[in-house]
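Working notes for the structure below.
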Amino acid sequence: MNTEFTIHLKQTLSTLEQQGLYKKERYIEGPQSNKIRVNNTEVLNFCANNYLGLSSHPSLIQAAHEGLDQFGYGLSSVRFICGTQTIHKKLESSIAKFLGMDDAILFSSCFDANGGVFEALLGEEDAIISDELNHASIIDGIRLCKAKRFRYTNRNLESLEQNLKDASSARFKLIVTDGAFSMDGTLAPIDKICDLAQKYGALVMVDDSHATGFMGENGRGCHEHYNCLDRVDIITSTLGKALGGSAGGFVASSQTVVDMLRQKARPYLFSNTLTPPVVNASIKALELVSDSNIGGKLRAQLKANTQKFRTEMTKAGFHIYEGIHPVVPVILGEAELSQKFATEMLNEGIYVVGFFFPVVPKGKARIRVQLSASHTNEDIEKALQAFIKIGKKLSVI
Ligand SMILES: *Cc1c(COP(=O)(O)O)cnc(C)c1O
């Protein structure tokens, strides 16, 4: 390896460390759950995207085994050559039905879905109008597309409307937003965004990765929560969060849009198909969330857990952004404090992580708590007590 190149990288890495921005990974010694083992100790996990507690659900593990036994380990192919099994089509139609769309198309991840969707559908005559806090994969996907780019202030309708006016000469306009913003636990006002889209003749795309499976009466997502089931044109989302937490993403839309993506989306055409155990378990995950006795109960539990935690934390004097989403940002301020807080919490048996610049704005460092249906009342009590103890110790409350 070229020595100067290595020195250059080492310097960059040590700058990250000095600025307190270096990300270290902790090793989990077992399956994902509300209780996990870290450093040979059992701790409560409050930072997984395991919203419905399905990540290690026995039915999903069984379905994954069945997928493996009946359809094999791998396909050694992309979808259009010899990588499409009956279960891939079954999963796509389950997703479409669940979301209220014509069809869906699978990708290896939602990152890939967002990487492929824009370039395949829009050209330089078109405009994409994107929320400034959209996920990195949306930003990258837009970069790969020749459409003109417009960016509006987070969840701000006046800013969105101004951008729609500025983009008026475009052939087609696409508004794109995260359904739920993962760092703030806030929701995009989908209903009002759809109103503006209608007024200006724009299309609407929602990345619902932090909502699919649990937002809305039947868990369909933010479009259901805002009564916009037939108003959102394109939904992208992940199988890697509430729907079992393994891997995979998708785009759900009209038949024509999905047909076009199968022809043109590059991550779909040039990357391997999803593996049978994941596909079969994802079909099961959708069955569970669609079942009001199972999914409905998990959603009710998640909602109760979220409400309890939000109410008690506010009462204790912490600064949290208001809302209803199971992402609860506990705002602390400086990066160092957020890291110190997280370390102290782990000593109390609560696994949470500090988030700081550049992931969130400077001075807005935070602990991002994520509730799950798998948390018991006792788990939440323990977390609250630890927050209050450490909050007092570090003079936050
Ligand atoms: C997590 C997330 C993704 C990435 O999903 P993967 O399937 O893990 O690639 C994309 N968009 C949003 C909004 C996300 O939260």
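We count ligands from 1, going down the list as the structure has it; atoms in each ligand are counted the same way.
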Query raised in the report: Which atoms form the tightest heavy-atom contact between Ser108 and Ser271, and what is the distance?
Result: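 Smallest interatomic distance, heavy atoms only, reads OG-OG, 3.7 Å.
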
Query raised in the report: Do Lys90 and His88 touch side chain to side chain, with heavy atoms closer than 4.5 Å?
Result: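 When only atoms from C-beta onward are counted, His88 and Lys90 do not touch, as no gap falls below 4.5 Å.
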
Spatial distance of atom [atom1] ([X]) from atom [atom2] ([Y]) [nearest 0.5 Å]:
X      : Y      : atom1 : atom2 : value
Glu161 : Tyr200 : CD    : OH    : 3.5 Å
Thr311 : Phe309 : OG1   : CZ    : 10.5 Å
Leu337 : Gln339 : CG    : CD    : 10.0 Å

Report task. Measure the acute angle between the ring planes of His375 and Phe46, then classify it against the limits of 30° and 60° as parallel, tilted or perpendicular. Result ->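 If you compare the ring of His375 with that of Phe46, the planes turn out parallel.
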
**Report entry** Neighbouring residues of ligand 1, heavy-atom cut-off under 4.0 Å
**Finding:**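 Within 4.0 Å of ligand 1, protein side: Ser109, Cys110, Phe111, Asn114, His135, Ser137, Asp178, Asp207, Ser209, His210, Thr238, Lys241, Gly248.
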
